[in-house]
Amino acid sequence: MDEISLGVPQPLLDSLPEDGQAAAQDMQRAVEGYEQRLNGAIEEADDDAEAASRALDLIEHFDARRERFDEFVPELRAWGQSPIFAIAWRNLYADLVAQLYEYEWLAAQLDRERNARLVEDGIRLSDL
């Protein structure tokens, strides 16, 4: 199992306003923390399936955070505030998921684990 490397995409950092340096630093620290925790969990895993299970837990966390920031966008606009930071965080979480799927060994396992969780929860593909 290869070590996972995550990063904040430069175009996302470039899209932040000039006073967004604190947000950029927060994003980079957050991604470093996620990367460290994920690599630690992968090291502790007994096999690829367990590593994928732990990575999928993180993906589900990313999806929940992405949805949360996405909900802020119309609310901020309604209050006449700029949603640029909410949009940036939303896009960061979506990009982190994409970065995880770029690892071939992990992508196949993630799909298997996601399907196993669907069946385990009693949800059938025909219900989707």
Side-chain angles (χ1 to χ4, degrees):
M1 294 178 279
D2 296 333
E3 189 170 284
I4 303 293
S5 177
L6 300 173
V8 180
Q10 190 60 44
L12 193 143
L13 294 174
D14 293 341
S15 73
L16 294 173
E18 289 182 22
D19 63 345
Q21 291 303 322
Q25 290 174 347
D26 289 345
M27 288 178 174
Q28 290 170 335
R29 279 192 298 252
V31 170
E32 288 171 6
Y34 288 133
E35 182 181 302
Q36 288 174 352
R37 285 192 309 209
L38 180 59
N39 283 320
I42 288 173
E43 271 184 39
E44 294 174 5
D46 294 332
D47 57 13
D48 284 354
E50 186 178 343
S53 176
R54 293 177 182 192
L56 188 55
D57 290 341
L58 186 60
I59 287 174
E60 289 174 349
H61 171 76
F62 289 161
D63 286 341
R65 299 287 295 180
R66 182 187 48 75
E67 289 173 8
R68 183 174 177 202
F69 281 105
D70 195 44
E71 292 170 359
F72 288 151
V73 172
E75 187 173 327
L76 288 167
R77 284 186 177 141
W79 285 96
Q81 297 178 1
S82 172
I84 189 68
F85 294 110
I87 291 170
W89 279 98
R90 176 196 66 190
N91 293 347
L92 173 64
Y93 287 115
D95 193 83
L96 290 173
V97 172
Q99 288 178 42
L100 289 173
Y101 272 95
E102 288 176 3
Y103 290 89
E104 290 180 24
W105 70 269
L106 185 58
Q109 291 290 336
L110 285 172
D111 290 339
R112 285 188 192 108
E113 180 64 24
R114 191 178 297 262
N115 289 336
R117 288 184 184 187
L118 282 173
V119 172
E120 187 177 291
D121 289 343
I123 301 170
R124 302 291 177 244
L125 294 177
S126 61
D127 295 337
L128 297 176

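Sequential numbering from 1 along the given sequence is applied to the chain's residues. Every heavy atom of this structure was used, including side-chain atoms; hydrogens, water molecules and symmetry mates were not.
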Can you tell if the side chain of Arg65 reaches within under 4.5 Å of the side chain of Leu92, non-hydrogen atoms only? no

Which heavy atom of [X] sits nearest to which heavy atom of [Y], and what is that distance?
X	Y	result
Leu76	Pro83	CD1-CA, 3.8 Å
Leu13	Ala24	CD2-CB, 3.6 Å
Leu16	Ala88	CD2-CB, 3.6 Å
Ala52	Leu110	O-CD2, 3.5 Å
Ala94	Arg66	CB-CD, 3.7 Å
Ile4	Glu35	O-CG, 3.5 Å

So how far is it from [X] [atom1] to [Y] [atom2], rounded to the nearest 0.5 Å?
X	Y	atom1	atom2	result
Ile87	Ser15	CD1	OG	9.0 Å
Glu50	Glu113	CD	CD	10.0 Å
Leu56	Arg54	CG	CZ	13.0 Å
Arg90	Leu12	CZ	CG	10.0 Å
Asp111	Gln109	CG	CD	9.5 Å

If hydrophobic clusters are built from ILVMFWY residues whose side chains come within less than 4.5 Å, do [X] and [Y] share one?
X	Y	value
Leu96	Tyr101	yes
Leu6	Val8	yes
Trp89	Phe72	yes
Phe69	Val97	yes
Leu58	Trp105	yes

Would you confirm whether Tyr93, through its side chain, and Ala64, through its main-chain N or O, come within 3.5 Å as a donor-acceptor pair? no

More than 12 foreign heavy atoms under 6.0 Å from CD of Glu104: is that the case here? no

Gln21 atom CD, neighbour heavy-atom count above 12 within 6.0 Å: no

Would you kindly say whether Asp95 and Gln99 are connected by a side-chain donor-acceptor distance under 3.5 Å? yes

Is Asp26 paired with Arg29 through a side-chain N to carboxylate O contact shorter than 4.0 Å? yes

